[in-house]
2 protein chains.
Amino acid sequence: MPRKPEYDRDDLIARARDIFWRQGWAGTSLKDLERELKLKPGSFYAAFGSKDALYGLALNRYAQEGVARLRALADRLGPLETLKAQPRLVIEASGAPAKACMLAKTYAELQAKDHELAGRAGVLMSEMKACFADLFRQAQDAGDIAPNYDPNRLATRYQSDLLGLRLSAERSDVDANEIAADIAADIDRL
Amino acid sequence: MPRKPEYDRDDLIARARDIFWRQGWAGTSLKDLERELKLKPGSFYAAFGSKDALYGLALNRYAQEGVARLRALADRLGPLETLKAQPRLVIEASGAPAKACMLAKTYAELQAKDHELAGRAGVLMSEMKACFADLFRQAQDAGDIAPNYDPNRLATRYQSDLLGLRLSAERSDVDANEIAADIAADIDRL
DNA sequence: TATATACTTGAGTGATCACTCAAGAAAGAC
DNA sequence: GTCTTTCTTGAGTGATCACTCAAGTATATA
């Protein structure tokens, strides 16, 4: 009997993710969202409940797609080449609204407030770290990386490097391609 | 003839820096500042003009003290040992209000808005990068680092690594000491 | 002591914040 | 067509934002 919504919910979440990713949590007002999503306040709150709830959905979507992209890459290239390619790919992503990692930006912005979304971002970063550790482990099993390294430690350092790289890539006075190449070169020395 | 202010301006700037550093630009309200600095709005605006102006002073102070600390360290340890010690020191700093770099947090938060303070943060990061490049150059001149490396490129990568390290150090699921040790170990391999 | 000068105080400004809700519009079920 | 259900609309909520300003207070100089 009911009427169907005029919007595509998944599409709205993806668009919201891009806005939040670029502008941050405090930097994005409901006015911004209403304008970009073409939703009046009533529809917005009927659909998502709150700004924070939508941010949470956007964050999950961001992380989920990141993991999916990494796994797809690993299926094509194998673990070692994936780890070597990721730094370059992550700063090339031409359609992305920002170079820096949305999880890191969220964590940095909201952690001091003990905001629930910071906790969520932390968990998602941890899951991403686990993905990297898996790849390092697989590369080790394949004999591409010396067996004396601890894959968890490698993953921790690798993720830290990626966070730095992606933040640096936002700067105009930094050649992020050089950093990406140097990170990839480090993988080869393991 | 006039009356003297009851506050120590330098001390207020340092305290404001700590608040901004921890909570960010949007995350710090004038109420926060008035409470922590024990200043009524009238005194605040007479002293600093605006929230942004005080943030600018705090940012300059942050960068200036960072450079001073690095130079002092270099005088004691020499360039190579300074570069090796810095990662550990920067995440140890027990009195600091946050592990992450205030310049990076400012840049990440405000760059999308084209805020003047983001530009300032970028310039200050660039100056810091130049300091690192100087140290790499000096270490090269001293024969501690092979001469075929480009000190500017080393500095870019090093700063990127430090940004990642300092962001990672805010996370409870990451052992930042391991990352710091690994960054220092990288210096030794040059 | 008298005066000039600046500092302190805090109520109050308009703007914007996230969010609500009642009324109107649209579409499937009958 | 009629009814029921949901979606859309947008004016309006109280709270908080950065900021102002006039009145009161303290102090160094004359």
Side-chain angles (χ1 to χ4, degrees), chain A residues 1-13 15-59 105-106 109-110 112-118 120, chain B residues 1-13 15-59 105-106 109-110 112-118 120:
Chain A
M1 299 175 173
R3 182 179 171 187
K4 279 183 193 166
E6 290 178 0
Y7 50 76
D8 174 352
R9 186 180 162 88
D10 275 0
D11 177 56
L12 289 188
I13 294 174
R15 301 229 303 274
R17 175 203 57 204
D18 288 355
I19 303 169
F20 283 132
W21 186 357
R22 200 161 56 84
Q23 306 186 352
W25 180 81
T28 305
S29 72
L30 257 124
K31 277 245 162 82
D32 291 334
L33 293 168
E34 287 163 21
R35 188 178 49 250
E36 299 290 327
L37 305 185
K38 292 175 172 54
L39 236 49
K40 307 291 173 189
S43 296
F44 180 93
Y45 283 91
F48 301 114
S50 72
K51 176 184 168 181
D52 281 4
L54 177 55
Y55 197 105
L57 292 172
L59 208 58
K105 287 184 76 172
T106 302
E109 180 179 5
L110 298 177
K113 296 178 128 71
D114 273 321
H115 196 295
E116 189 196 345
L117 288 167
R120 179 96 61 99
Chain B
M1 299 174 174
R3 181 181 172 184
K4 279 184 193 165
E6 290 178 358
Y7 50 76
D8 174 352
R9 186 180 162 87
D10 274 0
D11 177 56
L12 288 188
I13 294 173
R15 301 228 303 275
R17 175 204 58 203
D18 288 355
I19 303 169
F20 282 132
W21 186 357
R22 199 161 57 83
Q23 306 186 354
W25 180 80
T28 305
S29 71
L30 257 124
K31 277 245 163 80
D32 291 335
L33 293 167
E34 287 162 21
R35 189 179 47 250
E36 299 292 327
L37 305 184
K38 291 176 173 55
L39 236 48
K40 308 291 172 188
S43 295
F44 180 93
Y45 282 91
F48 301 114
S50 74
K51 176 184 168 181
D52 281 4
L54 176 56
Y55 197 106
L57 293 171
L59 207 58
K105 286 184 76 172
T106 301
E109 181 178 6
L110 299 177
K113 295 178 129 70
D114 272 321
H115 196 296
E116 189 196 345
L117 288 166
R120 179 96 62 100

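Order of the sequence lines sets the chain letters (A, B, ...), proteins ahead of strands, with each chain counted from 1.
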Letter per nucleotide, 5' to 3', of nucleotides 11-21 of chain D [B base touched, S only sugar-phosphate touched, - untouched; heavy atoms, 4.0 Å]: B-----SSBBB

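- Judged by the 6.0 Å and 45° rule, A:Lys51 forms a cation-pi pair with A:Trp25.
- For the residue pair B:Thr106/B:Tyr55, the side-chain donor-acceptor check at 3.5 Å is satisfied.
- Side-chain atoms of B:Leu54 and B:Ile19, non-hydrogen and from C-beta on, never get closer than 4.5 Å to each other.
- For residues 22-49 of chain A, the pairs satisfying salt bridge (charged side-chain N to carboxylate O under 4.0 Å, His left out) are A:Asp32-A:Arg35, with sequence neighbours left out.
- Side-chain contact check for B:Tyr7 and B:Ser43: no donor-acceptor pair (N or O, by modelled atom type) lies under 3.5 Å.
- To the nearest angstrom, P of C:dT9 lies 12 Å from NZ of B:Lys38.
- Taking atom CZ of A:Arg9 as the reference point, atom P of D:dT8 lies 12 Å away to the nearest angstrom.
- Between A:Leu39 atom CG and A:Leu33 atom CG the span is 9.5 Å, to the nearest 0.5 Å.
- Summarising the geometry, the separation between NZ on A:Lys40 and C1' on D:dT9 is reported as 7 Å, rounded to the nearest angstrom.
- B:Phe48 comes within 4.0 angstrom of nothing in the nucleic acid, heavy atoms only.
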